[in-house]
**Q** 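This is the structure I want to talk about, given as structure tokens.
Note that this is a predicted model, so its numbers are computed, not measured.
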Amino acid sequence: MDFFETINSAIKSAMLAKDKVRLQALRGIKKEFIEAKTAPGANGELSDDAAMKILVKMAKQRSESAEIYRSQNRPDLAETEEAEMAVIKEYLPQPLNADELDAALSEIIAKVGASSAADMGKVMGVATKQLAGRADGKAISAAVRRLLS
């Protein structure tokens with residue numbers, strides 16, 4: 001079962017449970033998936049990789065929105081964003097901790113043959129694709145910079 005079908009069945013479950021926050025988050029995910037499927041040049045299909053990118057983007061947006069709402073003293077709106085972010089994160093793979101990230105990046109560095117900070121671009125290209133959804137781009141960049149220096 002692909003992401004789209006999983007989200008559809010989760011929407012039905014949320015409706016039956018009358019869980020408004022979960023339902024709102026899942027409908028938002030479905031909306032993004034449909035938009036990606038019907039975008040020009042998208043051939044009506046949505047790969048799991050593309051769906052993962054959408055989910056990562058949505059989680060990041062919710063996180064940033066919650067941060068802004070907290071800074072503007074709107075905890076009610078921040079809590080809603082955080083609740084939606086929690087629902088979205090249920091469909092993302094577990095994030096890597098620092099040790100796992102370093103180990104994965106060390107393998108990528110060895111595979112690419114990088115030896116200095118000048119090779120950071122090559123490593124980042126491979127790392128961001130392989131670790132999509134499991135590590136933040138800023139964390140990957142900082143770890144690569146540390147490992148190559």
Side-chain angles (χ1 to χ4, degrees), residues 1-109 111-112 120-148:
M1 181 159 34
D2 66 353
F3 270 121
F4 194 76
E5 293 167 1
T6 304
I7 296 300
N8 276 334
S9 66
I11 287 174
K12 290 174 189 171
S13 299
M15 283 179 173
L16 291 173
K18 296 183 179 10
D19 187 346
K20 290 181 181 179
V21 174
R22 185 171 187 76
L23 183 61
Q24 182 177 347
L26 292 168
R27 282 182 173 159
I29 293 170
K30 184 177 179 181
K31 176 186 99 46
E32 292 291 331
F33 284 0
I34 290 172
E35 285 179 2
K37 277 179 144 182
T38 59
N43 75 354
E45 293 293 319
L46 181 68
S47 68
D48 283 350
D49 187 42
M52 185 68 62
K53 287 180 184 176
I54 290 170
L55 291 173
V56 168
K57 181 182 96 175
M58 290 180 72
K60 186 175 180 183
Q61 286 173 338
R62 299 302 184 284
S63 174
E64 291 170 353
S65 295
E67 205 173 287
I68 291 169
Y69 288 139
R70 291 231 182 269
S71 71
Q72 305 220 341
N73 201 23
R74 293 296 310 263
D76 53 329
L77 296 175
E79 288 170 9
T80 303
E81 292 292 326
E82 289 166 349
E84 285 186 24
M85 183 176 57
V87 172
I88 293 167
K89 284 188 174 184
E90 289 176 21
Y91 297 95
L92 291 172
Q94 288 290 8
L96 297 173
N97 64 33
D99 295 334
E100 293 170 332
L101 179 61
D102 285 350
L105 289 173
S106 295
E107 285 179 31
I108 293 170
I109 289 169
K111 185 170 70 173
V112 172
M120 186 169 171
K122 288 193 275 186
V123 175
M124 286 299 295
V126 174
T128 52
K129 287 179 185 166
Q130 269 189 355
L131 303 175
R134 300 194 68 207
D136 182 45
K138 291 177 186 176
I140 294 172
S141 177
V144 168
R145 191 171 289 119
R146 187 182 74 248
L147 291 171
L148 288 177

**Q** Roughly how far, to the nearest 0.5 Å, is CE of Met124 from CG of Leu131?
**A** 9.5 Å
**Q** Find the distance between CD (Glu5) and CD1 (Ile7) and round it off to the nearest 0.5 Å.
**A** 11.5 Å
**Q** How close do Met85 and Ala59 get, counting heavy atoms only, and between which atoms?
**A** SD-O, 3.6 Å
**Q** About how many Å separate CG of Asp102 and CG of Leu96, when rounded to the nearest 0.5 Å?
**A** 10.0 Å
**Q** Go through the steps for Gln130 and Lys111 under the test side-chain contact (heavy atoms from CB on, under 4.5 Å), then give the verdict.
**A** CA-CA 13 Å; Gln130 269 189 355; Lys111 185 170 70 173; 3.0 Å; yes
**Q** Heavy-atom distance under 4.5 Å between the side chains of Glu90 and Arg22, does that happen here?
**A** yes
**Q** Side-chain contact, heavy-atom cut-off 4.5 Å: Arg70 with Glu82?
**A** yes
**Q** Once rounded to the nearest 0.5 Å, what's the spacing between atom CD of Gln72 and atom CG of Leu77?
**A** 10.0 Å
**Q** To the closest 0.5 Å, what do you measure between CG (Leu46) and NZ (Lys53)?
**A** 11.5 Å
**Q** Do you know which two heavy atoms are closest between Ala83 and Val21, and how far apart they sit?
**A** CB-CG1, 3.5 Å
**Q** Would you say that Met120 contacts Ser141 through its side chain, given a criterion of any heavy-atom pair below 4.5 Å between the two side chains?
**A** yes
**Q** Out of Lys57, Glu64, Met58, which one pairs with Lys60 under the side-chain contact (heavy atoms from CB on, under 4.5 Å) rule?
**A** Glu64
**Q** Once you round to the nearest 0.5 Å, how far does CD of Glu81 lie from CD of Gln61?
**A** 9.5 Å
**Q** Do Pro75 and Asn73 make a side-chain contact, defined as non-hydrogen atoms from C-beta onward lying under 4.5 Å apart?
**A** yes
**Q** Give me the atom names and distance for the closest heavy-atom approach of Leu101 to Ala139.
**A** CD2-O, 3.9 Å
**Q** Which atom pairs, donor and acceptor, lie under 3.5 Å between side-chain atoms of residues 25-39 and protein residues at least two apart or in another chain?
**A**
unit_1	atom_1	unit_2	atom_2	d
Lys30	NZ	Asn8	OD1	3.0
Lys31	NZ	Glu35	OE2	3.1
Thr38	OG1	Ile34	O	2.9

**Q** If you compare all heavy atoms of Ala66 against all heavy atoms of Ala78, which two are closest, and at what distance to 0.1 Å?
**A** O-CB, 3.7 Å
